[in-house]
Number of protein chains: 2
Amino acid sequence: MSIQPLLEYIRKHIDLSSQEESILASKVVLRKYLKGQYIVQQGDVCQYECFVLSGCTKTFYVDEEGQEHIVMFSIEDWWTSDMGSFITQTPADFNIQCLENTELVLFPYNEIESLYKEIPKLERFFRQIIERAFVTSQKRLVRSFSLSAKEQYLHFREQYPQIEQRIPQYMVASYLGITKEFLSKIKNQLIYKH
Amino acid sequence: MSIQPLLEYIRKHIDLSSQEESILASKVVLRKYLKGQYIVQQGDVCQYECFVLSGCTKTFYVDEEGQEHIVMFSIEDWWTSDMGSFITQTPADFNIQCLENTELVLFPYNEIESLYKEIPKLERFFRQIIERAFVTSQKRLVRSFSLSAKEQYLHFREQYPQIEQRIPQYMVASYLGITKEFLSKIKNQLIYKH
DNA sequence: GGACAATGTTAATATAGTTTAACATTATTT
DNA sequence: AAATAATGTTAAACTATATTAACATTGTCC
């Protein structure tokens, strides 16, 4: 277990000297979570930005009626956190839970400012990461407005085939914002109506 | 017409020397648009990140059925652009059109890299702006999943009273992802069923 | 291998929101 | 002030999706 995959990921955006890589390594935390463990809990302050080395997580919230809504999944080479909570250090809206045993690189809130100071290039790196996350979020919003549930499911299946195979169907339904019964109906339609 | 409001806005995030402010001023473009004019058109490459000095814009896309969907409004002290198009320099998904005569500060794509180079602090500034935009977008997604149309309308009205007064009701409906007829019904319910 | 929990399916009924279409009101232009 | 365009309302019929509830299948653990 090493931060190597993170360094390779970073290299796609910026060049770090080996000294800078050491600084980075000294400020981040490598941590293993078991299936079922929570990385963040709704109501707590989110202490980390997390890079997923291996495993799979779901980010979800529980509404007033106790319904669970999945906001995103994260697998290898993705990021996860409750960014709203992290940047303002206020209680999180979301839970992040491991769906498999999961290895993370944690960027602690207390270290990240000094990281930016010592390696200003990281501002650029994170800017680029977040730009993309924002665009992804906007595109999802657009889909939720203009596509039917069936079309959204087909898009999900096409875009994230690796994820669909790793998680139960009712979580896909929750991610799509529909009930598991309706997703079941949709899949049935897809099978029998050519 | 000056970039003063932009400089004040930036000061909330980072400190710029007056020399840096001059560099910035030399790279951005001040531009006036008339009501109805397009800042970006779906299919074109988005050339600017725009800061709104005055006026009001809508960002929308037209789906395959020719339906218009409004993604966001921007007023004084807000940003607008098709970020997906801007950062990848590929055709825009969105149109941005002025709903009033509008004054903008444009950050051209060709200048922004050299701006980052000459004023690295701006990486930090934009990182922070985009972090907030991302969080806003995520929260909207959450609302669209867990709130009814009526609740979403009430939230909009509460959060953006300045905007509601400036735009026709059918655009509010489009922003909320419902028909104008249904919004009319909702408003009627709110009046008579206190 | 049996038992219990987790996940998935089916079908009847209910509901939030859409569609259509006709009409009402308000702004804008001449 | 009249004419036209833009915006807003109402109501009936319709549709996509939710809810409920019963049952089926699969996975996990003793």
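The sequence lines fix the lettering, A, B, ..., with proteins before strands; numbering per chain opens at 1. Heavy atoms only: backbone and side chains are in, while hydrogens, waters and symmetry mates are out.
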B:Phe94/A:Val142 under side-chain contact (heavy atoms from CB on, under 4.5 Å): CA gap, chis, key distance, verdict
CA-CA 10 Å; B:Phe94 302 133; A:Val142 163; 3.7 Å; yes
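A distance below 6.0 Å separates the ring centres of B:Phe126 and B:Phe107.
Here C:dA5 presents its C1' atom at 13 Å from NZ of A:Lys35, a figure rounded to the nearest Å. Rounded to whole Å, atom C1' of D:dA16 lies 9 Å from atom NZ of A:Lys185. Here D:dG8 presents its C1' atom at 14 Å from CD of B:Glu164, a figure rounded to the nearest Å. The CG-P distance, from A:Leu183 to C:dT7, rounds to 14 Å in whole Å. Atom-to-atom, CD of B:Gln189 to P of D:dT10 comes out at 11 Å; the value is rounded to the nearest Å. Atom-to-atom, NZ of A:Lys180 to C1' of C:dA11 comes out at 14 Å; the value is rounded to the nearest Å. Rounded to a whole Å, the CZ atom of A:Phe182 is 14 Å from the C1' atom of C:dA11. Atom OH in B:Tyr153 sits about 17 Å away from atom C1' in C:dG17, given to the nearest Å.
OP1 or OP2 of C:dT9 sits under 4.0 Å from a side-chain N or O of A:Gln169. Residue B:Thr179 places at least one side-chain N or O closer than 4.0 Å to OP1 or OP2 of C:dT18. Taking 4.0 angstrom as the limit, B:Asn188 places a side-chain polar atom (N or O) nearer than this to OP1 or OP2 of D:dT10.
Direction change of the helix axis from one end of the helix from C:dG1-D:dC30 to C:dT30-D:dA1 to the other is 50°, with five pairs defining each end axis (rounded to 10°).
Taking for each of B:Glu181 and A:Glu181 the nucleotide of DNA chain C with the nearest heavy atom, the 5'-most of the two is the partner of A:Glu181.
In this structure, B:Ser85 contributes its side chain and B:Cys46 its backbone to a donor-acceptor pair below 3.5 Å. Side-chain atoms of B:Gln128 never come within 3.5 Å of backbone atoms of B:Phe125 as a donor-acceptor pair (strictly under, hydrogens ignored).
The side chain of B:Ile178 has C:dG17 as its nearest neighbour among D:dA18, C:dG17, D:dT9. The side chain of A:Ser184 has C:dT10 as its nearest neighbour among C:dT10, C:dG17, D:dT10. Side-chain proximity of B:Pro168 to D:dG8, C:dT10, D:dT17: nearest is D:dG8.
Using a 4.5 Å cut-off between side-chain heavy atoms of Ile, Leu, Val, Met, Phe, Trp and Tyr, with links allowed through other members, B:Phe86 and A:Leu141 fall into different hydrophobic clusters.
Note that CG of A:Asn95 and OG1 of A:Thr57 are 11.5 Å apart. Values are rounded to the nearest 0.5 Å.
Residue contacts for B:Tyr170: at a heavy-atom cut-off of 4.0 Å it reaches the sugar-phosphate backbone alone, with no base atom in range.
Salt bridge status for A:Lys32 with A:Glu103: present, with a side-chain N to carboxylate O gap under 4.0 Å.
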